There are 2 protein chains.
Amino acid sequence: MDGAMKRRNVAILIFNDVEILDFTGPYEVFSVADELHEHLLFNVYTVAERNDAVQAKNRLSINPSYTIDECPKPDILVIPGGDGTRSLLENMVILTWIRQTERAAEMILSVCTGSLLLAKAGILDGLKATTHHTALELLSKLAPQTEILSNIPYVDNGSVTTSAGVSTGIDMCLFVVGKIFGEEASRRTAHNMEYTPVHPPSSTKS
Amino acid sequence: MDGAMKRRNVAILIFNDVEILDFTGPYEVFSVADELHEHLLFNVYTVAERNDAVQAKNRLSINPSYTIDECPKPDILVIPGGDGTRSLLENMVILTWIRQTERAAEMILSVCTGSLLLAKAGILDGLKATTHHTALELLSKLAPQTEILSNIPYVDNGSVTTSAGVSTGIDMCLFVVGKIFGEEASRRTAHNMEYTPVHPPSSTKS
């Protein structure tokens, strides 16, 4: 197994009207990888602004593991998308927390329209990024200094990686497992999930 | 759009140590299909034995929409898998509820090791079925009168459909959307989720 062996804290931000698969896809990938490797890889938890139950899209009710003020220090921060991202674009508490957490973290990952929050927090300036196919135009408005790519499952800039819509969060997180802990760890995780990952065309990998 | 236009109640059983993607994949598929079609297709909700929060695998905490005693009458019953299925094999309240609900429902769908519960409830007798690749042997012990298929994303018997591991629940539910409401409804749902569904080889379709 490649990569530094330190177990990573993976914080997944949740909020009202978060898209279900946007946050549960990454939750599944990182926690299955951890399970398959003696719980040495990833400590996965959800984080919300407040301690109340979060109403995800279509009425799925989730109790967050931690609030943003009390969570273990994230090594990897996952920002999912969904209709709820639109009101978070005006939420300075969350935007400030994302910006500060990202600076101290090893990496930040967005799924779907989670990229809009990264854009608004200024994290995508000078980078390449993608988002859900219906939000590409909005993303380029929010991130005029970002090169927006379409028709690609995810775009890796090292410490900042954005994925396209919904299910592509799974592909991105399997890529991240491989990047940190080696291809075999990623392959075992996908095999356990009976999932065939989609990769970006090799010419567009950064 | 093909199929009877009645909006279906989709009940997803949840329990401690349910595998996250096993239940959230179907939740996402049916609720996205519903959203894209003016909320005319599927009313999706979770159901648990009791009203307490359910601790899904890897500490994700979910508040069920309903208990099994008070939920709207399911047209489609989804039984996900996960380590928690093993103790449910001895839970007569749940097994009886599954059996009775299945008799009155239009269809029952299992994901991953959810098939073990269908087997124990006698629902798979005389049918073809599949499950997670690590549970094929256990399934054939629990369902000696069932033909167990491997290397196939899902097996359709009309009103009883079982899927293989974890992510194949998404493929199965996209198939079910198409079966009830037509291929175009399924195609739009997968496109919104940016997901490319996996199909069984056509020779093994029943």
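Quick caveat: nothing in here was measured; it's all calculated off a predicted structure. In the text below, chain A, chain B and the rest are named by the order of the sequence lines, each starting its count at 1.
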[X], [atom1] atom: more than 12 neighbouring heavy atoms under 6.0 Å:
X: B:Glu70; atom1: CD; answer: yes
X: A:Asn151; atom1: CG; answer: no
X: A:Arg86; atom1: CZ; answer: yes

*Look up atom CG in A:Asp83 and atom CD in B:Glu35, then write down how far apart they are to the nearest 0.5 Å.*
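A:Asp83 CG to B:Glu35 CD: 6.5 Å, rounded to 0.5 Å.
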_Euclidean distance, A:His39 NE2 relative to B:Asn58 CG, rounded to 0.5 Å_ =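 Between atom CG of B:Asn58 and atom NE2 of A:His39 there are 7.0 Å.
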Could you check whether any side-chain heavy atom of [X] comes within less than 4.5 Å of a side-chain heavy atom of [Y], counting everything from C-beta outward?
X: A:Thr24; Y: B:Glu28; result: no
X: A:Thr196; Y: B:Thr196; result: no
X: B:Leu21; Y: A:Ile170; result: yes
X: B:Ile62; Y: A:Leu60; result: yes

*Between B:Asn192 and chain A, which part of the residue has a heavy atom less than 4.5 Å away: side chain, backbone, both or neither?*
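Its backbone and side chain both get close to chain A.
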*Which region of B:Thr46, side chain (C-beta onward) or backbone (N, CA, C, O), has a non-hydrogen atom less than 4.5 Å from a non-hydrogen atom of chain A, or is it both or neither?*
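The answer is the side chain of B:Thr46.
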*Between B:Arg59 and A:Val44, is there a donor-acceptor pair closer than 3.5 Å when you use the side chain of the first and the backbone of the second?*
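Checked: pair present.
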_Does anything in residues 11-32 of chain B form a ring pair (Phe, Tyr, Trp, His ring centres under 6.0 Å)? List the pairs, not counting sequence neighbours._
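Qualifying pairs: B:Phe30-B:Phe42.
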*Taking only residues at least two apart or on different chains, which pairs with a member in residues 132-145 of chain B satisfy side chain to side chain donor-acceptor pair (under 3.5 Å)?*
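For residues 132-145 of chain B: A:His191-B:His133, A:Glu194-B:His133, B:His132-B:Thr134.
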*With sequence neighbours excluded, what pairs up with B:Asp125 under the salt bridge (Lys or Arg N to Asp or Glu O under 4.0 Å) test?*
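With neighbours one apart ignored, the set is empty.
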*Among residues 106-119 of chain A, which ones touch chain B with a heavy-atom distance under 4.5 Å?*
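Those residues of residues 106-119 of chain A which would need a heavy atom under 4.5 Å from chain B do not exist here.
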